[in-house]
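Data block below; observations after.
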Amino acid sequence: MDWGMQNRLARIIKPEDGRAVMLAVDHGYFLGPTGGLEEPRKTIEPLLPYADSIMLTRGVLRTSVDARWDRPVVLRVSGGTSILKELSNEDITVSIEDAIRVNASAMALSIFVGGEFEKNTLVNLAKLVDEGERCGIPVLAVTAVGKEMARDARYLGLSCRIAAELGAHFVKTYYCEEFEKVVEACPVPVIIAGGKKIPEVDALTLAFDAVQHGAVGVDMGRNIFQSDSPVGMIRAVRAIVHEKASVEESGRVYEDTKRVKARRAAAS
Ligand code: R5P
């Protein structure tokens, strides 16, 4: 791995502890104005100080994030479809020049193993890796799951391994039972997505279990920005990922943050 590639990856997966807290706010690229992200700037600004990096599209980056913020960007570069159509029919939607122009620390693309357009998404990943290698920008493969696909170790392990074999520098997938098998069979770092909103304690348990079983961190979206205390949740997730907090300890971080905000609101 060359210097630029290593340097960019180190901005996302922190060399001090080999862990990463990514804030995922790219949902609009196929879901439109997702709950909690209707006004991206309002959602993103209070959370940025607690995220190691932020994952988003170039459109939201340019319109809703202050360029003077020093946070690494994981740029979503695949898309071209919507929730109304076949989701696996994605293509590469951003040129490498534009990824460089916005100073991306990594590029993210979804693969749909088992999906109707599986081959296109896998070939797109390989092409993006070629471009990334040429310019020193790491590629995050997102193992998207079709509606009919099981989120189990066999399927997610298959997807992660294929992504790594095609050259992805790190992989994002879902947590599942026997997750350690997914991690063991994947020779590049694995990060988990949060998935649909679930109760806060369950989302914290998910993050805890994932790092216990080998994930280097989380790229969480809805379970942070759809929480009744988004800042409380990202701080709690941070405590798990970087400070080895237990679920109970992280729960207290969430509750305390929420309580302080409520007190301030009542006092003002
Ligand atoms: C989905 O395709 C997007 O890449 C999201 O970034 C990803 O699913 C993580 O967000 P969430 O934690 O809301 O699942």
Side-chain angles (χ1 to χ4, degrees), residues 9-26 36 43-56 69-72 74 105-106 140 142 151 153 156 160 170-184 186 188-265:
L9 205 51
R11 300 194 72 211
I12 299 163
I13 303 172
K14 296 295 171 188
E16 301 83 38
D17 59 3
R19 294 274 177 88
V21 174
M22 297 171 60
L23 173 65
V25 287
D26 61 324
T43 305
I44 293 168
E45 265 184 3
L47 298 173
L48 264 187
Y50 307 101
D52 294 328
S53 64
I54 180 166
M55 179 188 180
L56 74 182
W69 264 102
D70 182 24
R71 280 291 177 276
V74 178
S105 292
L140 171 66
V142 179
R151 290 187 186 185
L156 296 175
C160 289
F170 58 135
V171 171
K172 175 163 99 161
T173 194
Y174 291 95
Y175 182 67
C176 61
E177 277 182 29
E178 300 186 294
F179 187 70
E180 61 282 358
K181 287 189 181 168
V182 176
V183 174
E184 280 161 17
C186 182
V188 296
V190 178
I191 284 173
I192 62 138
K196 282 187 181 157
K197 175 76 177 71
I198 51 179
E200 277 74 6
V201 67
D202 294 346
L204 294 174
T205 304
L206 179 88
F208 180 83
D209 288 346
V211 293
Q212 289 298 310
H213 290 97
V216 301
V218 302
D219 183 18
M220 202 175 257
R222 288 163 289 182
N223 278 291
I224 291 173
F225 61 72
Q226 291 180 350
S227 167
D228 57 6
S229 175
V231 171
M233 268 308 275
I234 196 166
R235 290 187 67 189
V237 168
R238 228 190 137 71
I240 288 171
V241 173
H242 283 305
E243 292 154 34
K244 299 194 170 86
S246 64
V247 174
E248 292 72 26
E249 287 164 337
S250 70
R252 283 198 286 276
V253 172
Y254 160 72
E255 292 293 349
D256 289 349
T257 310
K258 191 168 136 176
R259 201 172 305 120
V260 168
K261 192 177 177 197
R263 264 199 224 122
R264 281 197 190 132

Is it the case that over 12 heavy atoms from other parts of the model lie below 6.0 angstrom from the [atom1] atom of [X]?
X    : atom1 : answer
E255 : CD    : yes
K14  : NZ    : yes
K197 : NZ    : yes

Spatial distance of atom [atom1] ([X]) from atom [atom2] ([Y]) [nearest 0.5 Å]:
X    : Y    : atom1 : atom2 : value
K181 : C160 : NZ    : SG    : 15.0 Å
I224 : I234 : CD1   : CD1   : 4.0 Å
C176 : I192 : SG    : CD1   : 10.5 Å
M22  : K172 : CE    : NZ    : 6.5 Å
D52  : R11  : CG    : CZ    : 11.0 Å
T173 : L156 : OG1   : CG    : 4.0 Å

Please answer whether the main-chain N or O of [Y] pairs with a side-chain N or O of [X] as donor and acceptor at a distance below 3.5 Å.
X    : Y    : result
S250 : A245 : no
H242 : R238 : no
T257 : V253 : yes

Could you tell me whether the side chain of I12 reaches within less than 4.5 Å of the side chain of F170, counting heavy atoms only?
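They are in contact (side-chain heavy atoms under 4.5 Å apart), so the answer is yes.
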Side chains of D228 and E200: does their closest heavy-atom pair fall under 4.5 Å?
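A side-chain contact exists here, since the closest heavy-atom pair is under 4.5 Å.
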Picking from T205, V21, L204, V218, what satisfies side-chain contact (heavy atoms from CB on, under 4.5 Å) with I240?
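The residue from T205, V21, L204, V218 that satisfies side-chain contact (heavy atoms from CB on, under 4.5 Å) with I240 turns out to be L204.
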Please report the shortest heavy-atom distance between T43 and P46, naming the atom on each side.
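Answer, listing the atom of T43 first, then P46: O-CD, 3.4 Å.
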Tell me whether the guanidinium CZ or amine NZ of R151 lies under 6.0 angstrom from the six-membered ring centre of Y174 and within 45° of its axis.
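Yes, a cation-pi geometry.
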